[in-house]
Every structure is written in C-alpha cells, then in structure tokens.
S.K.: 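The structure follows.
Numbers here simply count residues along the sequence, with the first being 1.
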Amino acid sequence: MDVRRSGDRYPGGEPDAGIESFHAFSFGPHYDPDNLRFGALLACNEERLAPGAGFDEHPHSHTEIVTWVVSGRLTHRDSTGHESVVGPGDVQRLSAAGGVRHVERNDGPDPLVFVQMWLAPLEPGGDPVYEVVRGLPDSTPYAVPEAGSLLHVRRLAPGETTALPDAPQVYVHVVRGEVTLGGEKLGPGDSVRIDGESGLEAVASAPAELLLWEMAAR
C-alpha cells in the first residue's frame, strides 16, 4: 500500500481564470519521473471551475478519459459532435482513440468540482467513442475494457465497510468523507496505490464517497 496525501498533489490550473487543479500524477510542468503512472492510470485530476470558467478546445489521443462530477454541472462538447451536461452521479467517458478535440466548461451558476482520470489503452488508435451513464448505482462496476479496468463507486455511511477488489492493482481515491484502510486514516483527496494485496477493506468514519479502480496486470 502506497498512501498519497491530498496536500502532496501537484497544483495547477489558472486560478486567475477560475480554474484550480490538483494532480495525483506527474502532469504538465510538474514532471516527476517516479510518478508517471500506476497500472493503467496516467492521471487523476481534481478540477475546480468557477461559474463561466473552463478549458477551451484542446486535443487528446490514445487515452481513455473518465470523469466523475462531485458537485455542479459539467458541459462537454467534442469534435465528433457530442454535446452533453454531466452532473453528480453520472460517469462520462471519452475514448480519444486516434484523436479527438473537446471543450469542458462550467456553464452553470454554481461552482463545479470533478475528478478526471486518464487511462492508457491496451491498443492505440481506433475511432473516438463518447458515452454518459446517468446515475451510476452504488457498487455497480463501470467497465473500461479498452484499458483492462473497472471503476467501482462506493458511497458509505458511518461505520459501513466495503471490500476492495482483489486485483493485481487497485487505486483508491477518496472523493469526500473519511475512511480507514489498512490502518491508515484517509480524507478527501487522499489516495492509495495497492499492488498485489488482497482481502483489504475500507471502513467509513463519516459519510464517504470512494472511487476504486480495479486493474488487470500489464
């Protein structure tokens, strides 16, 4: 178990433009050769956008981009013609494949917070794919077969326990609340990288929301 604390993330974004970012992995100007990825996971970014703020059109390729909205509403537009508004509880995935451009904005009246995770595909190329799953139920895995990975979302009441997937690699991100995992107390923004362990459980000490990535061996 490799515990990474919220305060250790790399800050980014453009605060003067209403954009604050916190990166769990090497990102942009914050290059760390010892923190490039974990399994399929290349990035886990917490983004905070003020009303009217956003990311102008920019390109992606050979990346599976999965977004979880914490609060507020995210407007998405891309070069394949998709346009949608994504809210809390929805999972958005953009498979960039051979190349796609998109825009992400907060067009609503309230602050927007979302967690965006980038995964490396098993095979490069192909055609872009976009989808939104509305209101993903608790404990219902969301499969990203292109990256050999599953996303589990767990919402826990105080005292409730959830078993972590028994997989070659598991990544845990605490969205909100507090949990104890393997004797470590974790709070919002904390994460754990688990390699080759099994039988682990997370216990909530306050209402909590967790994102769990189950990843196959590479």
Side-chain angles (χ1 to χ4, degrees), residues 1-13 19-48 55 58-70 91-102 104 113-126 128-131 141-154 164-175 181-182 184 186 188-198 200 202 210-218:
M1 276 182 47
D2 180 5
V3 177
R4 306 289 179 111
R5 297 299 178 183
S6 174
D8 295 331
R9 295 177 296 178
Y10 310 113
I19 302 172
E20 287 187 283
S21 303
F22 300 92
H23 307 292
F25 293 87
S26 181
F27 200 94
H30 298 284
Y31 177 69
D32 181 350
D34 295 324
N35 191 26
L36 297 178
R37 65 187 291 172
F38 177 70
L41 205 57
L42 304 172
C44 181
N45 304 332
E46 180 183 321
E47 308 287 359
R48 303 175 183 178
F55 300 101
H58 56 281
H60 289 282
S61 62
H62 314 304
T63 312
E64 300 296 315
I65 303 170
V66 178
T67 303
W68 178 259
V69 175
V70 179
V91 172
Q92 172 185 267
R93 179 172 69 95
L94 176 62
S95 179
V100 69
R101 302 180 66 86
H102 74 152
E104 297 166 299
V113 179
F114 62 93
V115 178
Q116 188 168 92
M117 298 149 287
W118 300 5
L119 296 93
L122 297 172
E123 299 291 339
V129 175
Y130 178 79
E131 70 174 351
Y142 177 74
V144 186
E146 294 83 354
S149 302
L150 288 170
L151 174 64
H152 303 260
V153 179
R154 290 294 286 118
L164 270 60
D166 285 338
Q169 293 177 307
V170 176
Y171 185 86
V172 180
H173 175 82
V174 182
V175 176
L181 172 60
E184 296 281 352
L186 307 172
D190 290 347
S191 63
V192 185
R193 306 172 192 194
I194 302 168
D195 207 337
E197 295 286 341
S198 62
L200 292 173
L210 307 177
L211 301 177
L212 311 174
W213 278 105
E214 175 184 352
M215 295 178 281
R218 294 225 166 189

S.K.: Can you find a heavy atom in the side chain of Ser21 that is under 4.5 Å from one in the side chain of Ile19?
M.R.: yes
S.K.: Taking the six-membered ring of Phe22 (Phe, Tyr or Trp), confirm whether the NZ or CZ of Arg4 is under 6.0 Å from its centre and within 45° of its axis.
M.R.: no
S.K.: Are side-chain heavy atoms of Glu214 and Pro141 found at a separation under 4.5 Å?
M.R.: no
S.K.: How are the rings of Phe55 and His58 set to each other: parallel, tilted or perpendicular (split at 30° and 60°)?
M.R.: perpendicular
S.K.: Could you give me the CA-CA distance, side-chain angles and deciding distance for Leu211 and Leu151, then say whether side-chain contact (heavy atoms from CB on, under 4.5 Å) is met?
M.R.: CA-CA 7 Å; Leu211 301 177; Leu151 174 64; 4.2 Å; yes
S.K.: Just by distance, do the side chain of Arg37 and the backbone of Gly39 share a donor-acceptor pair under 3.5 Å?
M.R.: yes
S.K.: Compare every heavy atom of Ala147 with every heavy atom of Ala40, then report the nearest pair and how far apart it is.
M.R.: CB-O, 3.8 Å
S.K.: Quick one: does any side-chain atom of Asp190 pair with a main-chain N or O of Ser6 as donor and acceptor, under 3.5 Å?
M.R.: yes
S.K.: Which heavy-atom pair separates Asp166 from Glu197 by the least distance, and what is that distance?
M.R.: OD1-O, 4.5 Å
S.K.: Of the non-hydrogen atoms in Gly99 and Pro128, which two are nearest, and what is the gap between them?
M.R.: O-CG, 3.3 Å
S.K.: Would you give the length of the straight line joining atom CZ of Arg101 to atom CG of Leu94, rounded to the nearest 0.5 angstrom?
M.R.: 12.5 Å
S.K.: Side chains of Val113 and Glu46: does their closest heavy-atom pair fall under 4.5 Å?
M.R.: yes
S.K.: Grab the two heavy atoms, one from Asp32 and one from Ser26, that are nearest each other, plus how far apart they are.
M.R.: N-OG, 2.8 Å
S.K.: Quick one: closest heavy-atom pair of His62 and Gly98, and the distance?
M.R.: CE1-CA, 4.1 Å
S.K.: Would a 4.5 Å heavy-atom cut-off, applied to side chains only, mark Leu122 and Glu146 as touching?
M.R.: no
S.K.: Using 0.5 Å steps for rounding, measure from the OG atom of Ser191 to the CG atom of Asp2.
M.R.: 8.0 Å
S.K.: Starting at CG of Asp195, measure out to CZ of Phe38 and round the result to the nearest 0.5 Å.
M.R.: 5.0 Å
S.K.: Answer whether the closest heavy-atom distance between the side chains of Val91 and Glu131 falls below 4.5 Å.
M.R.: no
S.K.: Would you say Leu210 and Val153 make side-chain contact, with heavy atoms under 4.5 Å?
M.R.: no
S.K.: Evaluate the side-chain proximity of Arg193 to Met1: yes if any heavy-atom separation is below 4.5 Å, no if none is.
M.R.: no
S.K.: With no hydrogens and no angle check, just 3.5 Å: does a side-chain donor-acceptor pair link His30 and His23?
M.R.: no
S.K.: Verify side-chain contact (heavy atoms from CB on, under 4.5 Å) between Arg93 and Val129, making sure each step is shown before the conclusion.
M.R.: CA-CA 8 Å; Arg93 179 172 69 95; Val129 175; 4.2 Å; yes
S.K.: For residues Cys44 and His173, report the shortest heavy-atom separation together with the two atoms involved.
M.R.: SG-ND1, 3.9 Å
S.K.: Rounded at 0.5 Å granularity, tell me how far CG in Leu41 sits from CG in Leu36.
M.R.: 12.5 Å
S.K.: Starting at OG1 of Thr67, measure out to CD of Gln116 and round the result to the nearest 0.5 Å.
M.R.: 3.5 Å
S.K.: How far apart are the C-alpha atoms of Val144 and Leu150, what are their side-chain angles, what is the distance that settles it, and do they pass the side-chain contact (heavy atoms from CB on, under 4.5 Å) test?
M.R.: CA-CA 6 Å; Val144 186; Leu150 288 170; over 6 Å; no
S.K.: Rounded to the nearest 0.5 Å, what separation is found between the CD1 atom of Ile194 and the CE atom of Met215?
M.R.: 9.5 Å
S.K.: Is there a donor in the side chain of Tyr130 and an acceptor in the side chain of Gln92, or the other way round, less than 3.5 Å apart?
M.R.: yes
S.K.: State, yes or no, whether a side-chain contact exists between Val192 and Leu181 at a heavy-atom distance under 4.5 Å.
M.R.: yes
S.K.: So, for Tyr142 and Trp213, is the gap between ring centers shorter than 6.0 Å?
M.R.: no
S.K.: Ring centres under 6.0 Å, that's the criterion: do Tyr10 and Tyr31 meet it?
M.R.: no
